[in-house]
Novice: 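Below is a structure I'd like to ask you about.
Computed from a predicted model, the values in this text were never measured in an experiment. Note that the numbering runs from 1 along the sequence shown for the chain.
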Amino acid sequence: MPTGVTIEATPEQLAAVTFNAAGLVAAIAQDIATKEILMMAWMNAESLRMTLAEGRMVYWSRSRQELWRKGDTSGDRQFVREAYYDCDGDTLLFQVEQEGKGACHTGA
């Protein structure tokens, strides 16, 4: 079981997330069954709210400067099963159910 605070999406918990100067926070996706780390990406406040509301991982693409709902084009979707943040709120951990070929754009 991960250590940290379970995100219930209350206003207080969302306020506890620490975004960097670019307005982003690191988000790690971990397979809930195998505990394998699948990927690390970035979220902004909007993608975090969308992720928690929809139950699907939504990231912020730094290269494209746009929201990126994992799997919309590839079919390799990630469904949120549990969400946590660390003691200073600057890293998020999402335990997900991975669907499709894999988390990576290479199919891995």
Side-chain angles (χ1 to χ4, degrees):
M1 173 72 98
T3 59
V5 177
T6 303
I7 301 174
E8 304 278 337
T10 65
E12 296 79 20
Q13 286 182 324
L14 292 175
V17 175
T18 304
F19 296 92
N20 66 17
L24 303 174
V25 63
I28 298 168
Q30 179 184 40
D31 187 292
I32 194 160
T34 67
K35 307 303 184 218
E36 176 185 6
I37 300 298
L38 301 172
M39 60 183 288
M40 180 275 180
W42 296 97
M43 289 184 157
N44 62 12
E46 182 179 8
S47 64
L48 175 58
R49 282 192 299 275
M50 290 173 68
T51 293
L52 296 172
E54 297 174 14
R56 272 190 60 199
M57 294 301 290
V58 180
Y59 300 105
W60 177 255
S61 171
R62 294 182 303 164
S63 60
R64 295 187 310 267
Q65 292 290 295
E66 65 184 17
L67 292 170
W68 159 42
R69 184 175 289 101
K70 181 71 176 135
D72 274 358
T73 56
S74 68
D76 301 329
R77 299 181 294 180
Q78 294 173 340
F79 297 95
V80 178
R81 298 299 176 239
E82 296 182 18
Y84 302 90
Y85 56 82
D86 67 350
C87 61
D88 54 3
D90 67 353
T91 304
L92 307 178
L93 171 66
F94 291 90
Q95 291 190 321
V96 301
E97 185 178 321
Q98 177 71 49
E99 176 183 272
K101 297 176 298 228
C104 183
H105 65 280
T106 65

Novice: Between NZ of K70 and CE of M57, what distance do you get to the nearest 0.5 Å?
Specialist: 10.5 Å
Novice: If hydrophobic clusters are built from ILVMFWY residues whose side chains come within less than 4.5 Å, do I32 and Y59 share one?
Specialist: no
Novice: For S61, check side-chain contact (heavy atoms from CB on, under 4.5 Å) against everything at least two apart and list the hits.
Specialist: S63, R64, W68
Novice: Quick check: closest heavy atoms across R77 and G71, and the distance to 0.1 Å?
Specialist: CG-CA, 3.8 Å
Novice: Could you grab the distance from atom CG of D31 to atom CE of M39, nearest 0.5 Å is fine?
Specialist: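 Between atom CG of D31 and atom CE of M39 there are 13.5 Å.
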Novice: Taking side-chain hydrogen bond (donor to acceptor under 3.5 Å, both in side chains) as the test, write out the residues that go with D72, two or more places apart.
Specialist: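 For D72 the side-chain hydrogen bond (donor to acceptor under 3.5 Å, both in side chains) partners, ignoring immediate neighbours, are R56, R69.
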Novice: Let's go through R62 and L24 carefully: what are the C-alpha distance in whole Å and the side-chain angles of both, what is the deciding distance for side-chain contact (heavy atoms from CB on, under 4.5 Å) to 0.1 Å, and is it a yes or a no?
Specialist: CA-CA 9 Å; R62 294 182 303 164; L24 303 174; 3.8 Å; yes
Novice: If you measure from CG on L38 to NZ on K35, what distance do you get to the nearest 0.5 Å?
Specialist: 11.5 Å
Novice: Indicate whether any N or O donor in one side chain lies under 3.5 Å from an N or O acceptor in the other, for Y84 and Q30.
Specialist: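 Not at all, the side chains of Y84 and Q30 share no donor-acceptor pair under 3.5 Å.
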Novice: Rounded to the nearest 0.5 Å, how far apart are OG of S74 and CD of E99?
Specialist: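 Output value for this atom pair is 9.5 Å.
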Novice: Could you state whether M50 and F79 fall into the same hydrophobic cluster, counting links through intermediate Ile, Leu, Val, Met, Phe, Trp or Tyr residues with side-chain heavy atoms under 4.5 angstrom apart?
Specialist: no
Novice: Does R81 have any side-chain hydrogen bond (donor to acceptor under 3.5 Å, both in side chains) partners at least two apart in sequence or in another chain, and if so, which?
Specialist: E97
Novice: Applying the 4.5 Å side-chain criterion to the ILVMFWY set and letting contacts propagate, would M43 and L14 be lumped into a single cluster?
Specialist: yes
Novice: Which heavy atom of T18 sits nearest a heavy atom of V25, and at what distance?
Specialist: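 Taking every non-hydrogen atom into account, O-CG2, 3.7 Å.
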Novice: Just by distance, do the side chain of T91 and the backbone of D86 share a donor-acceptor pair under 3.5 Å?
Specialist: no
Novice: Between atom CD of Q95 and atom CD1 of I28, what is the distance when rounded to the nearest 0.5 Å?
Specialist: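 Atom-to-atom, Q95:CD and I28:CD1 are 11.5 Å apart.
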Novice: Among residues two or more places apart or on two chains, list those pairs meeting ring pair (Phe, Tyr, Trp, His ring centres under 6.0 Å) that have a residue in residues 37-56.
Specialist: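 Those involving residues 37-56 do not exist here.
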Novice: Can you list everything that forms a side-chain hydrogen bond (donor to acceptor under 3.5 Å, both in side chains) with T51? Sequence neighbours excluded, please.
Specialist: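 Here no residue qualifies.
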Novice: Holding to side-chain hydrogen bond (donor to acceptor under 3.5 Å, both in side chains), I want the full list of residues that pass it with Q65, two or more places apart in sequence or in another chain.
Specialist: none
